[in-house]
Amino acid sequence: MTPDRPAWRHRLAERGIDRQLLLLLPALLAVLLLFIYPFGYGLGLSFQPDHGGVLGAYRDFFTDAYQRDTIGTTLRLSLPAALLNVMASVPIAYRMRGRFRGKRTLTIVLVVPITLGTVLTAEGLLNFLGPTGWFNRTLMAAGLTDTPLRLTNNYWGVFLSLVITGFPFAFLLILSYLSGIDPTLERAAATLGAGWWPRFHRITLPLLAPGLATTFCLTFVLAFSVFPSAVLVGDPAGATRVISIAAYHAAYETYDYPLASAIAVVMGAVELAVVAAVLGLRSLFYTGSTGGKG
Amino acid sequence: MTAISVARPRTRRRLAASPGAWLVWGAVTFFFVMLAGVIGSVVVSSFGSHWFDTWLPQGWTTQWYRQAWQEFTLFDVLVVTVEVSLLVVGISVLVGVPASYVLARRSFPGRRLLYLLFLLPILMPPITYGIPLATVLYKYGFAGNMSGVVMANLVPSVPFVILTMTPFIEQVDPAIERAARMCGARTWQVFLRILAPLLIPGILAASILVLVRTVGMFELTFLTAGPDSQTLVVALYYTMSAAGIRAQQSIDAMAVVYTSMMLILLVVALRFVNPTQLVARVKEEPE
């Protein structure tokens with residue numbers, strides 16, 4: 001122990017504060033090199049098409065109705081699916097937020113579809129909902145319909161696949177947000193004579209609103225990027241030609257990278273616009289502690 | 001099995017449940033029936049010899065599994081899947097945990113901006129950045145082999161580790177680290193001897209979640225993989241979209257292998273993570 005050791009160590013500790021920030025560097029590099037740089041590269045590429053000047057690729061996309069309509073197709077699929085997933089999750093999670101036997105089993109069963117992934121869900125839906133599948137068989141055996149319902153290779157197949165993969169995700173998030181709300185708040189309201197609807201509407205719902213917005217955004221992102229199921233259970237040339245299919249076609253089948261990048265940029269912009277709109281709406285509501293977060 | 005687990009809680013409530021309760025449980029039951037149908041029909045089909053216009057297949061066989069094993073080179077695909085996932089998990093934990101530590105503990109100018117930067121890859125659909133990323137990776141010769149697949153999968157995984165680790169790091173009392181520093185530990189010693197053992201549950205949780213995500217990640221792997229670097233889910237997609245060439249049951253057998261793999265991962269994951277506590281730490285009520 002030399003006398004100047006503490007000073008050296010002290011200086012090191014003070015420098016260590018600066019050095020500690022270096023721990024961020026690998027993650028920052030990874031995101032910059034693998035996310036920001038390619039994104040910028042794609043953005044640059046989208047402004048350098050073979051023809052039509054700087055905005056040629058975007059003009060190609062927006063003037064071709066076959067391409068332009070993919071935005072509408074994607075939104076028509078993903079917005080209702082995300083909305084249904086969130087809307088259905090709220091009452092179910094509200095009823096299940098307490099403790100009861102079998103809750104763990106229930107959550108495990110609910111996580112299963114998340115891990116199935118869209119490809120397996122598509123395969124299952126083709127088998128189950130197909131013209132000779134169990135679902136149509138049951139309907140026909142019960143006499144509800146004479147001809148098999150056409151539920152695959154169209155809009156409904158993709159929609160159902162989005163619900164099956166998206167609902168458990170939305171449910172778990174909302175259940176988690178609901179469990180984070182202090183239950184004593186509601187009990188206080190009950191003591192003051194509030195029925196279940198005022199309790200839910202005036203206390204739980206405002207506290208849940210930020211969580212609802214986040215859940216909607218995450219579910220929407222999942223649904224918006226639908227790709228495998230739109231090809232496999234959908235009608236990839238017509239009713240479910242979503243924007244990711246258009247981007248994939250441009251990149252890997254016509255090898256028009258500027259157009260593909262332009263479509264990817266449009267896709268990101270539309271998605272971020274919806275997310276920003278939802279988060280903007282959310283900021284109009286109460287923001288603050290929900291009482292239960294530790 | 002699912003119907004029982006649904007029905008059980010109801011019996012603990014009042015027997016004459018309100019219409020709302022019936023509606024909610026009805027919806028849940030319907031969802032589970034659909035889910036069981038979707039999974040069950042794949043499993044049944046994979047064991048059936050012929051299955052056309054009937055309720056159940058005419059005979060039972062395991063030949064589709066043999067065929068999937070031989071024709072799809074399932075073993076090689078599984079090896080690639082395991083290698084890619086382990087590499088992605090290892091790298092993203094090594095890169096993500098230190099960054100998460102700094103973001104959770106320190107405040108410095110630009111912290112919010114950095115948070116947003118790490119949040120973006122999770123918020124964007126994989127296809128939007130996957131296509132430019134694949135273009136760049138092809139340009140530098142990384143795509144088409146395993147390094148490209150691993151690099152592409154790191155994009156959502158590193159931010160995911162950072163976000164998952166934050167609550168775990170916040171739980172560690174900073175006083176312990178200060179005490180270690182008072183006793184003369186360097187930063188790396190604090191990390192290896194103090195933080196790492198305390199963070200093991202969090203690191204395990206994050207690794208398993210990243211593992212599940214990587215095994216299930218379709219878009220990024222699909223865009224960057226070459227013929228020798230396909231993971232199971234991409235191989236499954238290719239065999240499905242080339243339908244007609246392969247027997248349907250053979251694809252189903254492959255899908256069942258994929259599902260069982262995911263289920264094993266899931267059961268392991270749920271030993272470490274409580275899915276209802278992903279967002280908020282829940283105060284468990286003693287009731």
Side-chain angles (χ1 to χ4, degrees), chain A residues 16 20-21 23-24 26-27 30-31 34-35 38-39 41-42 91-92 95 99-102 105-109 111 113 115 117 119-120 123-125 127-128 132-135 137 172-173 175-177 179-180 221 224-225 227-228 231-232 244 247 251 257 260-261 264 267-268 271 292-294, chain B residues 2 5 8-9 12 24 27-28 35 37-39 41-42 45 53 55 95-96 98-99 101-102 108 117-118 121 123-129 131-133 135-136 151 154-155 158 162 187 212 216 218-219 233 236-237 240-241 255 258-259 262 266 270 275-283 287:
Chain A
Q20 224 178 28
L21 293 187
L23 292 172
L24 280 170
V31 172
L34 294 172
F35 181 72
F39 207 82
Y41 179 81
I92 299 177
R95 207 151 264 288
R99 298 216 300 180
F100 57 85
R101 279 176 63 197
T105 323
L106 198 67
T107 41
I108 289 179
V109 177
V111 185
T115 61
V119 179
L120 188 101
E123 176 73 13
L125 283 172
N127 280 345
F128 179 62
T132 63
W134 285 339
F135 187 74
R137 253 167 205 293
L172 287 177
L173 274 175
L175 185 61
S176 157
Y177 279 115
S179 320
V221 171
F224 191 75
S225 55
F227 178 67
V231 176
L232 298 171
S244 43
Y257 290 114
S261 306
M267 186 177 169
E271 192 243 9
K293 284 187 183 176
Chain B
T2 52
S5 63
R8 201 187 290 141
R12 287 190 73 231
V24 164
V28 174
L35 185 64
V38 165
I39 300 174
S41 56
V42 175
S45 167
D53 208 9
W55 281 96
V95 168
Y101 174 78
V102 177
F108 51 88
L117 188 70
F118 285 131
L123 269 183
M124 300 285 276
I127 288 263
T128 51
Y129 61 88
I131 287 180
L133 176 63
T135 319
V136 168
M151 284 161 98
L154 281 179
V155 177
V158 169
I162 293 178
T187 301
V212 170
F218 171 77
E219 285 92 346
V233 64
L236 193 59
Y237 174 84
M240 266 185 84
S241 53
Y258 171 77
T259 321
M262 286 304 254
L266 178 73
L270 287 175
T276 54
Q277 299 206 339
L278 281 181
V279 185
R281 299 271 121 198
V282 178
K283 270 196 290 192
E287 222 169 334

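Note that the structure is predicted; figures quoted are calculated from it, not measured. Reminder, nothing fancy here: chain letters follow the sequence lines and each chain counts from 1.
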> Is chain A contacted by the side chain of Val212(B), its backbone, both, or neither, given a heavy-atom distance below 4.5 Å?
Replying inline: side chain
> Top residue by heavy-atom pair count (under 4.5 Å) with chain B, among Gly42(A), Pro91(A), Ala30(A), Ser225(A)?
Replying inline: Ser225(A)
> For chain A, which of Ile39(B), Val158(B), Val102(B) has the most heavy-atom pairs under 4.5 Å?
Replying inline: Val102(B)
>> Show the nearest heavy-atom pair for residues Asn127(A) and Ser45(B), with the distance to one decimal.
In response: ND2-CB, 4.1 Å
> Tell me, side chain or backbone of Leu123(B) under 4.5 Å from chain A's heavy atoms, or both, or neither?
Replying inline: both
> Atom CE of Met124(B) and atom CZ of Phe35(A): how far apart are they, to the nearest 0.5 Å?
Replying inline: 5.0 Å
> Is it the backbone or the side chain of Leu133(B) that comes under 4.5 Å from a heavy atom of chain A, or both, or neither?
Replying inline: both
> How close do Pro228(A) and Phe218(B) get, heavy atom to heavy atom, and via which atoms?
Replying inline: CG-CD2, 3.3 Å
> Which atoms form the tightest heavy-atom contact between Gly268(A) and Thr128(B), and what is the distance?
Replying inline: N-CG2, 3.5 Å
>> Restricting to non-hydrogen atoms, name the atom on Ala255(B) and the atom on Glu123(A) that form the minimum distance, rounded to 0.1 Å.
In response: CB-CG, 4.5 Å
> For Pro125(B) and Phe224(A), which heavy atoms make the closest approach, and how far apart are they?
Replying inline: CG-CD2, 3.9 Å
> Between Pro126(B), Gly37(B), Gly96(B), which has the largest tally of heavy atom pairs under 4.5 Å with chain A?
Replying inline: Gly37(B)
>> Is Leu154(B) close to chain A through its backbone or its side chain, or both, or neither, when contacts mean heavy atoms under 4.5 Å?
In response: side chain
> Is the closest side-chain heavy-atom distance between Met267(A) and Ile127(B) below 4.5 Å?
Replying inline: yes
>> Quick check for you: to the nearest 0.5 Å, what is the distance between Tyr237(B) atom OH and Leu232(A) atom CG?
In response: 5.5 Å
>> Working to the nearest 0.5 angstrom, can you tell me the gap between Leu24(A) CG and Ile162(B) CD1?
In response: 7.5 Å
>> I'd like to check the side chain to side chain contact (heavy atoms under 4.5 Å, CB included) partners of Ala251(A); sequence neighbours left out, ordered by chain and number.
In response: Tyr257(A), Ala260(A), Ile131(B)
>> Minimum heavy-atom separation for Pro38(A) and Val136(B), please, with both atom names.
In response: CA-CG2, 3.9 Å
